[in-house]
Protein chains: 2
Amino acid sequence: MALRHAVLAALLHEELSGYQLAKKFDTGVANFWHALPQQLYAELTRLETEGLVTGREVVQDTRPNKRLFTVTGAGLAELERFTAATAKPSFIRDDLLVKVQAVDQVNAEAVLAQLRERAAFAEAKAELFGSLLRTMRGDRDEEEFLRHGDRIGPYLTCLRGLAFEEGNRDWCLRGAAVLEERRAARARG
Amino acid sequence: MALRHAVLAALLHEELSGYQLAKKFDTGVANFWHALPQQLYAELTRLETEGLVTGREVVQDTRPNKRLFTVTGAGLAELERFTAATAKPSFIRDDLLVKVQAVDQVNAEAVLAQLRERAAFAEAKAELFGSLLRTMRGDRDEEEFLRHGDRIGPYLTCLRGLAFEEGNRDWCLRGAAVLEERRAARARG
DNA sequence: TGCCCCATGTAAAAAGTTACATGATTCG
DNA sequence: CGAATCATGTAACTTTTTACATGGGGCA
């Protein structure tokens with residue numbers, strides 16, 4: 001039941017349509033959670049019937065009409081309750097880790113290729129997060145911004161996203177280097 | 001459908017019972033995946049009917065009997081197929097991140113407390129992973145072990161787990177420091 | 001004597017993924 | 001002219017979580 005809270009948190013600063021929300025959750029720009037469009041449309045509907053968000057129709061001539069959603073007082077109260085409750089620890093769940101775990105018994109070439117691919121993906125995401133952070137803090141430096149800025153929440157979660165992707169990248173590159181080195185050693189005899 | 005592959009990967013080196021497997025997956029010692037006991041018992045049953053693992057009954061007098069599972073040839077082939085297929089990117093999904101995202105609008109004290117708690121948890125896990133790594137590499141240094149050791153798969157995934165938890169800890173401590181500083185600033189002015 | 005560990009599950013509910021559906025507009 | 005974007009969903013399926021069930025042995 002955390003998707004609803006993720007949606008509420010995402011709508012806290014901006015009024016968004018389901019479509020816009022979906023884009024954020026999909027690309028991982030909303031890097032504190034991930035969800036598919038269908039989930040979001042369904043969740044927004046549920047949240048609206050429960051009075052936690054309100055939608056207003058925006059009629060567009062050139063584009064299809066859309067509904068923009070805002071968090072209500074009840075929605076904010078619900079987020080407050082959620083925030084006060086204790087959170088469970090989070091776990092990694094990643095196909096690639098499973099493959100690496102098995103790398104001694106299976107085709108290492110395939111794993112090597114996927115490590116390289118993932119490293120590139122992680123690097124791209126890290127760069128995206130980096131530029132988002134620069135945009136958020138403007139001309140202030142980070143220390144200054146975190147001391148006195150408003151809206152530090154999204155900044156902090158983006159920092160975690162950045163570190164996570166940098167960690168991914170570094171680990172993938174390290175793993176790839178190890179596998180390459182071992183392949184080379186086998187080739188030498 | 002990755003749980004089955006996680007189970008196969010976990011059983012690759014050791015023969016384990018459902019209970020033992022559950023403990024690993026629960027404490028996150030099998031830090032490349034996480035699953036509840038019920039899932040594992042169900043998955044083991046399924047894997048056995050599909051011939052991907054075989055169980056052998058071990059009769060115990062003082063303890064209840066148990067069934068130890070091993071990966072079959074078909075199981076290894078299935079892992080091989082899985083490894084060759086392309087993996088999807090992984091996303092963070094964490095309650096605490098949602099709470100931090102909302103921290104500007106909700107009670108920051110609760111978030112601060114949870115950041116501290118999580119930092120401690122992450123630190124404990126990082127230490128556990130650190131000692132697991134030391135055990136795995138024995139008296140060799142890491143470079144040496146990764147070059148010439150066998151079973152580097154579990155070592156590499158454990159390295160990722162370690163970096164992840166260190167990242168968690170550092171980020172939590174940073175976030176907590178920021179929130180404290182802002183509280184102090186508010187109190188002053 | 002009460003609580004934790006061993007050991008294995010079933011059943012139901014919630015959450016997440018995959019597949020499919022529709023239709024206009026803008027861009028290369 | 002075909003593909004991508006805007007915009008919103010429904011339906012079926014898979015996966016994960018929560019709650020419940022059972023029963024002996026060891027330990028404080």
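Just so we're on the same page: letters track the sequence lines, and every chain starts at 1. Every value quoted in this text rests on a predicted model; they were computed, and no experiment measured them.
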Rounded to the Å, how far apart are [X] [atom1] and [N] [atom2]?
X: B:Gln39; N: C:dA11; atom1: CD; atom2: P; answer: 17 Å
X: A:Leu21; N: D:dT8; atom1: CG; atom2: C1'; answer: 13 Å
X: B:Leu36; N: D:dT15; atom1: CG; atom2: C1'; answer: 12 Å
X: B:Leu40; N: C:dA7; atom1: CG; atom2: C1'; answer: 13 Å
X: B:Arg46; N: D:dT16; atom1: CZ; atom2: P; answer: 10 Å
X: A:His5; N: C:dA14; atom1: NE2; atom2: P; answer: 14 Å
X: A:Tyr19; N: C:dA24; atom1: OH; atom2: P; answer: 17 Å
X: B:Lys66; N: D:dG23; atom1: NZ; atom2: C1'; answer: 18 Å

Measure from the side-chain heavy atoms of [X] and tell me the nearest of [options].
X: A:Thr62; options: C:dT26, C:dT17, C:dT8; value: C:dT26
X: A:Tyr41; options: C:dG16, D:dT17, D:dA7; value: D:dA7
X: B:Arg63; options: D:dT8, D:dG26, C:dT17; value: D:dG26
X: B:Pro64; options: D:dA7, C:dC6, C:dT17; value: C:dC6

**OP:** Mind checking A:Arg4 for me? I need base, sugar-phosphate or nothing, with any heavy atom below 4.0 Å counting as a touch.
**Re:** nothing
**OP:** Pick base, sugar-phosphate or nothing for B:Gln60, based on heavy-atom distances below 4.0 Å to the nucleic acid.
**Re:** sugar-phosphate
Side-chain N or O of [X] versus OP1/OP2 of [N]: is the shortest distance under 4.0 Å?
X: A:Lys88; N: D:dT16; answer: no
X: B:Gln38; N: C:dG9; answer: no
X: A:Lys23; N: D:dC6; answer: yes

Subject >> Test log, rule salt bridge (charged side-chain N to carboxylate O under 4.0 Å, His left out), inputs B:Arg174 and A:Glu143 >> reply: CA-CA 11 Å; B:Arg174 174 97 165 103; A:Glu143 198 55 37; 3.6 Å; yes
Original post:
So which of A:Glu117, A:Arg183, A:Arg182 actually passes side-chain contact (heavy atoms from CB on, under 4.5 Å) with A:Leu112?
Top reply: A:Arg183
Original post:
For the side-chain contact (heavy atoms from CB on, under 4.5 Å) test, which of B:Leu79, B:Val71, B:Leu40 pairs with B:Val7?
Top reply: B:Leu40
**OP:** Carefully, step by step, assess A:Phe121 and A:Asn168 under the rule side-chain contact (heavy atoms from CB on, under 4.5 Å).
**Re:** CA-CA 9 Å; A:Phe121 178 85; A:Asn168 263 342; over 6 Å; no
**OP:** With DNA chain C as reference, determine whether A:Leu3 or B:Ala42 sits nearer its 5' end, using the nearest nucleotide of each.
**Re:** B:Ala42
Original post:
Is there a donor-acceptor pair closer than 3.5 Å between any side-chain N or O of A:Thr157 and the backbone N or O of B:Gln101?
Top reply: no
